[in-house]
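In what follows, every chain begins at residue 1, and chains take the letters A, B, ... in the order their sequences are listed.
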Amino acid sequence: MGISDLDAWIEKLKDSVLPSEDEIKVLCGKVREILVEEGNVQVVYAPVVVVGDVHGQFYDLLELFKVGGEPPWTNYIFLGDFVDRGYNSVETLLLLLALKVRFPDRVALIRGNHESRQVTQVYGFYEECVRKFGSATVWRLCAEIFDCMSLSAVVEQRVFCVHGGLSPGIESLEDIEAIDRKQEVPHEGPMCDLLWSDPEEVEGWTLSPRGAGYLFGEEAVQHFLHVNHLNFIARAHQLVMEGYKQMFQGRVVTVWSAPNYCYRCGNVASIMELDENLERNFKVFEAAPESSRPEKGRVKAPDYFL
Amino acid sequence: MNNFSLEEQQRAIQQTNDDAAISKYCAVSKGYYNDPFISLFVKTKEKRQPLINRGTYARVQAVQLLVERFLHLTKRYGKRQVINLGAGFDTLFFRLRDKEVIWKGDVFVELDFPEVTQMKLRVFRQHAALYSLLTKDTDMKSFQETQDGLSCDIYKLIGVDLQQIEKLSYLLEQTCQLSTHAPTLVISECVLTYIEPQSADQIIQYFSKTFSFISFILFELTFPTDPFGRQMVKNIEQRGFSLESLLSYPSLRAQKERFIQFGYPKVDIKSMYTIYEDVLAVEEKRRIERLELLDELEEWKLLLQHYFLLYCLKLDMLQESEADELWNSFRFISKRCEEDYLS
């Protein structure tokens, strides 16, 4: 698979044309080779654009690239939750994987809690794969890729990027590096916490009402930043109606990149640009216009209580 | 507003009944709560998201809790009357009858479009389990099937367009021979919001004017103007009808004032989020929260904050102290500060 093949795929994917199962197998092989070499804490340089949850909202991802710029001209960190909930997890994930193979140093893919076998069987990605390919083969291939994805990134040694948040079992970045990540997301423990935890106005650590991970307060954040000589934490994982939210005097920022989440929530989305000085600039955007959504009319509106 | 014809809109509104029945069936089949009857009313067995299952559980439990409280508190006043507006395929009567919390002497009336009541009647005919609960302890002389309904001394199924208020009053007072003094409970779940506001207000007012001992339970959507609410209205109206009354009463405060204005002095309103958090039994919640993974708590909160349960009382005949006592035993107590929500 050469560069021209990849470019052709990327263009086709942008037109929602899916590669064949065999082609996906080749792609996954290539992605795997790249991902397994990456550390649990990826090193990333500024300027970079940080992207929160995308959740299979493919046409909104294309909108996001219009706002943030196309790779490789823009350097990206995606904070996970590429799949589930939205109608086009397959297109979304494959496009990101193809971009990763094409521009490995300009696209960082961090694992989210939805990059998991268990969660994707409840929240749509599994079913979508079976519907679009007639079997679970593609889902299985993708799930193996999930197991290879990195757990976090650090920008210019100062900004810690992770899908969920901190863990009481993690003191330093070295602790993260020590995790054996190549597995299904465990139900508990440091790896689980990185993907599941949320910042909250709490003292110390509290079990998360989500059923996995912890709620961590300002003190835990300050301690982690101090020990690891970091400025702040960028994370995703929680819907923010305004697209982003800063907490604890800016020491934690949540970036949310799925506009009108689940076609239900009516929220705006954002991406966070970090410039050379690690100054933050948020770009807020709305869902792609109806005219650019070929799926319109073919998909069911979300359910309500009627 | 949309471009659908009146017939198309009515059909779309009737389809909300199928949709609700499917949601209830799905929640029941996942083990959220027990309803041995709902499966008899469902043909298409679609899947629902955990969020919808859990919310359906909250809705059904909260309404049934209030209904049972009302029936319990009014035991000493003799015959009770329950009127379920736009009942659709609701199985409440059968659940209450099965639990023996309504009995001979009480009257349970279900009203809906004739197209819907005819379908419900067909389901009754197909299932002995339903028929035996209908005919249990019933004076068979009172039992008769009509073109689009059924009547026996304890249960009446009637086809009517609720907007025809005179017909509605005739059916309840003359045909069903309801007493205007007996304790009467009206239930309306996602019904009045599809009706234009003047007609909906007339219905609310009709009951407070006609019945001296009346309670009204309303489960509906709210906050149509915030970002989530705007999207909700857009998504629901895509089905082909307008949420007529929603914009006229766009908040919990507006709904509460509406019921006070139309003749109910005692009114409480709570978001479904508050109901779930503060009212539903903790052990039951712990049980159902283990049934399915629900990790998107922000979306869950938003959705439940856009639904409410209102309940109210008007008691003309009782002493004030007795009325207050009844009201205090009826209402839900919650820790959450409702005033925040109403502002």
Side-chain angles (χ1 to χ4, degrees), chain A residues 53 55 81 84-85 112-114 116 118-124 127 163-164 185 187 192 195-198 200 208-213 215 236-243 245 254 256 258-269 286-287 290 296-297 299-306, chain B residues 12-13 15-24 26 46-53 55-56 58-60 86 88 189-191 193-194 219-221 226-239 241 243 272 289-290 292-304 306-307:
Chain A
D53 294 28
H55 275 303
D81 280 13
D84 280 346
R85 314 304 300 262
N113 63 312
H114 278 261
S116 126
Q118 208 188 346
V119 178
T120 50
Q121 287 182 76
V122 180
Y123 278 108
E127 275 186 33
H163 178 69
V185 182
H187 289 241
C192 165
L195 275 55
W196 278 91
S197 296
D198 294 309
E200 186 58 76
S208 168
R210 292 178 189 258
L215 300 178
H237 195 37
Q238 274 177 303
L239 166 64
V240 185
M241 293 299 282
E242 296 76 25
K245 181 182 178 185
T254 300
W256 183 264
N260 193 19
Y261 180 42
C262 296
Y263 317 99
R264 191 206 298 277
C265 292
N267 60 290
V268 293
E286 292 185 10
E290 309 252 314
K296 199 188 164 271
V299 291
K300 192 169 169 269
D303 292 319
Y304 290 88
F305 312 118
L306 300 171
Chain B
I13 291 171
Q15 272 163 9
T16 64
N17 168 51
D18 296 326
D19 192 280
I22 291 168
S23 291
K24 288 171 185 169
C26 190
E46 289 167 42
K47 257 177 78 176
R48 290 282 190 264
Q49 293 172 330
L51 158 105
I52 296 294
N53 289 335
T56 300
R59 163 195 182 168
V60 173
E189 294 183 57
C190 294
V191 174
T193 197
Y194 307 142
F219 170 79
E220 262 176 25
L221 316 91
D226 65 18
F228 185 95
R230 284 200 299 272
Q231 188 63 40
M232 173 171 78
V233 172
K234 204 170 142 192
N235 285 340
I236 294 179
E237 292 195 340
Q238 241 180 48
R239 292 163 175 267
F241 55 85
L243 293 162
M272 284 307 291
E289 283 170 4
R290 282 197 297 266
E292 287 183 288
L293 172 76
L294 192 154
D295 68 322
E296 304 285 357
L297 299 177
E298 295 79 24
E299 186 193 15
W300 162 248
K301 188 171 176 181
L302 276 167
L303 182 64
L304 261 69
H306 284 77
Y307 280 86

Can you tell me which portion of B:Ile52 sits under 4.5 Å from chain A's heavy atoms? Options are side chain, backbone, both or neither. both
Relative to chain A, which segment of B:Asn235 carries a heavy atom at a distance below 4.5 Å: side chain, backbone, both, or neither? both
Which heavy atom of B:Thr193 sits nearest to which heavy atom of B:Glu220, and what is that distance? N-OE2, 3.1 Å
Bottom line for B:Arg290: the part with an atom under 4.5 Å from chain A's heavy atoms is neither
For B:Leu51, is it the side chain, the backbone, both or neither that has a heavy atom under 4.5 Å from a heavy atom of chain A? both
Take A:Asp53 and A:Arg85 through the salt bridge (charged side-chain N to carboxylate O under 4.0 Å, His left out) test and state the conclusion after the steps. CA-CA 11 Å; A:Asp53 294 28; A:Arg85 314 304 300 262; over 6 Å; no
Check each atom of A:Asn260 against the heavy atoms of chain B and say whether the ones under 4.5 Å are side chain, backbone, both or neither. side chain
Sorted by chain and number, sequence neighbours left out, ring-ring contact (aromatic ring centres under 6.0 Å, His included) with B:Phe219 holds for B:Tyr307
Below 4.5 Å from any heavy atom of chain A, which atoms of B:Ile13 appear? Answer side chain, backbone, both or neither. neither
Should A:Asp303 and B:Lys47 count as an ion pair when the cut-off is N to O under 4.0 Å? no
Which bit of B:Lys24 is near chain A, if near means a heavy-atom gap under 4.5 Å: side chain, backbone, both or neither? neither
Please enumerate all residues that pass salt bridge (charged side-chain N to carboxylate O under 4.0 Å, His left out) together with B:Asp226, with sequence neighbours excluded. none
Between A:Glu127 and chain B, which part of the residue has a heavy atom less than 4.5 Å away: side chain, backbone, both or neither? side chain
Does CD belonging to A:Gln121 count more than 12 external heavy atoms closer than 6.0 Å? yes
Please rank A:Pro302, A:Ser208, A:Gly211 by heavy-atom pairs under 4.5 Å with chain B and give me the top one. A:Pro302
On the 0 to 90° scale, with breaks at 30° and 60°, tag the A:His55-A:Tyr261 ring pair as parallel, tilted or perpendicular. tilted
If one checks every heavy atom of B:Arg230 against chain A at 4.5 Å, the contacting part turns out to be neither
